[in-house]
Amino acid sequence: MSRFTEGLNPEQARAVSTLDGPLLILAGAGSGKTRVLTRRVGALLDERDLRPWNILAVTFTNKAAGEMRERVERLVGEAARQVWIGTFHAVCARILRQSIEPLGWRRDFVVYDDDDQLRVIKTIYQESDLRISPKDYPPAQLRSRIDRAKNGMIPPAEVVAPRSDPMPEVYRRYELRLKAANALDFNDLIGKVVELLEAHPTVAERWQRQFKYVLVDEYQDTNIGQYRMVKALVQEHQNLAVVGDDDQSIYSFRGADIRNILDFEKDFPAATVVRLERNYRSTQNILRAASGLVRHNLARKEKTLWTESEVGEPLRLLTAADDNHEAELVRAEIDRLLVTRRPADIAIIYRTNAQSRPFEQAMADAGIPYVLVGGRKFYARQEIRDVLAYLRLAMNPTDDVALLRVVNTPARGIGDKTVEGLFVEAREAGVPVLEAIRARVGIGGGRTDKLAGFLAVIDRIAELCGTVNLGTLVQAACNDTGYRAMWVAEDTDEARGRLENLDALVAAAAAVVPTQSPVEDLQAFLDQSALAGQADELPDEGRGAVTMLTAHLAKGLEFPVVFVVGLCEKTFPHARSERDSEIAEERRLAYVALTRARDLLFLSYPRMKRSPEGWSQPALPSRFLAEIPAEAFGRASAPPRRPPSAPTPPPSWGGSARAAQRPWAPRAPAPAPPRAPRPGRTLVPESMEVFQAGTEVYHPTLGSGTISRRDGIPSNPKLTIHFHDHGPRTVFALTAGLEVLL
DNA sequence: CAGGAAGCCATTTTT
DNA sequence: TGGCTTCCTG
């Protein structure tokens with residue numbers, strides 16, 4: 001056993017070496033749980049008579065899965081590749097690809113993501129006997145209600161809703177549509193596996209026999225379906241190890257049920273419980289702050305994180321006039337830090353994606369390289385999804401959603417009216433829309449030439465599906481469909497960006513190592529694109545940039561220096577979290593954010609919040625600030641108590657005048673950098689073509705320089721610029737406020 | 001039928 | 001902020 005427990009503390013060693021039976025590992029933040037998990041997999045392979053595929057290790061993000069696989073591989077070599085390591089969704093997709101047939105789906109099912117779901121719902125709205133107005137029932141809202149129901153494994157018939165509420169009916173039809181299209185949404189991936197395991201004994205037995213040992217990471221984030229799946233899988237052998245931290249449960253909006261972890265010992269009375277309470281990540285001050293904060297939650301497993309690391313620097317609190325000023329303060333601190341630290345050591349963490357703007361702006365203005373994690377995912381981009389839709393339709397002629405997407409993209413003269421008619425025909429005949437098109441073309445006459453043209457395109461791609469390799473196939477889906485030509489013809493910078501994305505997609509496809517079956521390659525490629533998440537785009541370390549992300553995306557990561565920004569009421573905790581249970585979750589989220597920090601932790605909040613049109617209103621400091629023990633800030637009294645009375649700055653409040661009167665108030669916001677272009681220079685631009693190497697540029701603070709390199713995703717391009725006085729810097733083009741000499 | 005222009009609206013977190 | 005729908009024109 002020694003090889004796997006070497007260098008571990010006693011609790012960690014116990015978690016690694018308790019191989020059989022149920023095991024609950026309560027792993028506090030920074031307690032080395034990934035290490036424990038990987039060692040455990042290694043130990044299992046070594047100590048038990050197992051094949052690699054007898055082990056199932058489930059994570060929540062592909063990134064985490066990839067990391068675990070890598071580390072296991074380093075530990076045990078080759079065998080690691082055959083261990084089942086993946087996200088719940090990826091693992092379920094894999095299981096269903098082999099076993100879904102008893103449920104009436106074909107094994108070549110497609111995965112619908114939320115955008116596909118929305119399209120299904122919108123077509124249902126239009127059905128003549130319903131005619132639901134999107135105004136009365138926003139499709140997105142209905143989608144999330146359906147999701148919530150499915151998360152809780154509630155079928156349409158059991159949804160409780162007022163008589164006038166169309167949700168149950170839309171939900172019912174939605175399920176039928178997916179079935180007809182041989183499609184599964186994210187929740188189905190889990191739900192169908194549960195159905196198989198619970199209602200189809202022979203299938204269940206097959207998988208129970210395969211997965212002799214099961215590990216689940218982030219167990220506090222499992223929902224009902226995932227819980228039932230795990231339970232069904234291990235019911236015989238009970239070799240289940242779960243790792244989690246109830247204090248880091250932050251996904252209840254996605255159906256995560258914290259009771260899964262709180263009740264583990266009831267579910268598995270024989271469970272061994274190991275607590276990993278020693279923190280290897282943060283300084284005492286950071287830990288004290290985070291623990292003090294989360295202690296305000298009532299229903300939690302009491303635990304005491306401790307560390308042998310030094311006391312460390314006190315937390316720093318930055319009080320800003322408004323969000324721009326806040327970004328300015330953060331920027332100033334970062335500038336100071338960069339003397340001794342690399343940009344990659346620093347993270348800015350906020351509650352919502354929308355908060356990133358001012359910080360992006362500030363970083364860009366100062367020429368500090370940054371990466372923004374999240375935002376629009378690569379695979380969620382329109383052009384990517386369009387091309388994938390061609391492939392989906394070619395492979396699966398029943399995929400009406402894919403058809404809807406591409407039937408008139410590029411424009412083929414098949415308009416809304418025609419398409420609507422086709423959907424009606426298809427529904428009446430009970431066939432897929434592609435079939436309806438085929439029928440109409442067969443009859444001929446009228447204006448069926450356009451439809452015939454579309455059919456020919458699809459048939460051509462379908463023909464290629466089984467024969468050529470993936471790269472060629474994706475290339476064909478771009479070119480032979482006229483899709484690429486559409487963007488070429490547009491001849492705008494945006495279009496050029498999209499073309500680059502298409503190239504990137506083709507390159508990604510070409511990089512796939514082919515198996516014997518081209519169809520399976522395609523399937524895997526499509527699955528992967530549907531299941532790829534935002535967290536998977538996290539920059540690998542060493543990218544040399546400040547990382548900006550939401551607290552949710554930050555989970556599982558650590559940085560030497562962390563700024564948690566926007567700590568004011570209605571933002572963090574978020575305005576939509578009002579009930580106690582919701583506040584508790586926000587608090588856990590704040591806890592997650594704080595515990596990402598290793599050495600230095602900055603907290604900041606603006607005293608004014610702006611609404612979309614720039615209307616400012618006073619903001620109160622987050623209650624969480626007051627809940628952090630004062631000593632963590634290196635002083636006896638707590639930071640901003642809950643406001644004695646709401647701060648009521650006069651309407652003319654501009655920041656600087658007021659600030660001078662109150663010693664604790666923010667310094668005046670730095671004067672805005674000059675935004676007006678100087679004579680002879682043009683402020684950039686959305687225009688891409690000026691970003692060519694060699695272009696002379698001017699930057700407000702760094703002076704002039706020459707573009708030496710350009711990369712990054714086209715919608716958010718990065719420029720490496722050699723500034724004459726400051727050397728090379730990476731700048732983000734769209735927000736840089738660069739002045740380019742033309 | 002397609003594409004552009006103008007108005008409208010809401011806006012958490014994500015596999 | 002932009003992402004969407006709606007309206008209008010060719």
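Just so we're on the same page: letters track the sequence lines, and every chain starts at 1. Every heavy atom of this structure was used, including side-chain atoms; hydrogens, water molecules and symmetry mates were not.
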query: Where each residue is assigned the nucleotide of DNA chain B containing its nearest heavy atom, which of A/His574 and A/Ala411 is assigned the position nearer the 5′ end?
result: A/Ala411
task: State which of C/dT5, B/dT15, B/dT13 makes the closest approach to the side chain of A/Lys122.
output: C/dT5
- prompt: Of all heavy-atom pairs between A/Tyr350 and A/Ser356, which one has the smallest distance, and what is that distance?
  reply: OH-CB, 3.5 Å
message: Looking at A/Arg588 and A/Asp245, is there a salt bridge between them, counting it only when a charged N and a carboxylate O are closer than 4.0 Å?
response: no
message: From CZ of A/Arg143 over to P of C/dC4, roughly how many Å is that when rounded to an integer?
response: 14 Å
query: At under 4.0 Å between heavy atoms, what does A/Leu589 touch on the DNA or RNA strands: base, sugar-phosphate, or nothing?
result: nothing
- request: Assert yes or no for the condition that the ring centre distance of A/Phe624 to A/His296 is strictly below 6.0 Å.
  value: no
task: Grab the CZ-P distance between A/Phe572 and B/dT11 for me, whole Å please.
output: 20 Å
task: Kindly say whether, by distance alone, the side chain of A/Arg254 makes a donor-acceptor pair under 3.5 Å with the base of B/dT13?
output: no
- prompt: Can you name the nearest heavy-atom pair linking A/Lys555 to A/Gln248, along with the distance?
  reply: NZ-O, 3.3 Å
message: Distance check needed: B/dT15 P versus A/Gln226 CD, whole Å only.
response: 13 Å
- request: Measure from NZ or CZ of A/Arg254 to the centre of the six-membered ring of A/Phe186 and say whether it is under 6.0 Å with the direction within 45° of the ring axis.
  value: no
statement: A/His552 atom NE2 is separated from B/dT14 atom P, nearest whole Å, by 7 Å
query: Between A/Gln355 (CD) and B/dT12 (C1'), how many Å, whole number?
result: 10 Å
message: Check for me: is A/Phe253 stacked on B/dT13 by the 5.5 Å centroid and 30° plane-angle rule?
response: yes
field: A/Asp115 CG - C/dC4 P separation (whole Å)
entry: 9 Å
message: With a 4.0 Å cutoff (strictly under), does any side-chain N or O of A/Thr550 reach OP1 or OP2 of B/dT12?
response: no
query: To the nearest Å, how far apart are A/Leu189 CG and B/dT15 P?
result: 14 Å
- prompt: Rounding to the closest angstrom, what is the interatomic distance between B/dT13 and C/dC4 at atom C1'?
  reply: 23 Å
task: Provide, to the nearest angstrom, the distance between the CG atom belonging to A/Leu422 and the P atom belonging to B/dC1.
output: 11 Å
message: What's the closest nucleotide to the side chain of A/Asn353 if the choices are B/dA2, C/dT5, B/dT13?
response: B/dT13
task: Check every atom of B/dG3, B/dC1, B/dT12 against the side chain of A/Thr418 and return the nucleotide holding the closest atom.
output: B/dC1
query: Can you tell which of B/dT13, B/dT15, B/dG3 lies closest to the side chain of A/Thr61?
result: B/dT15
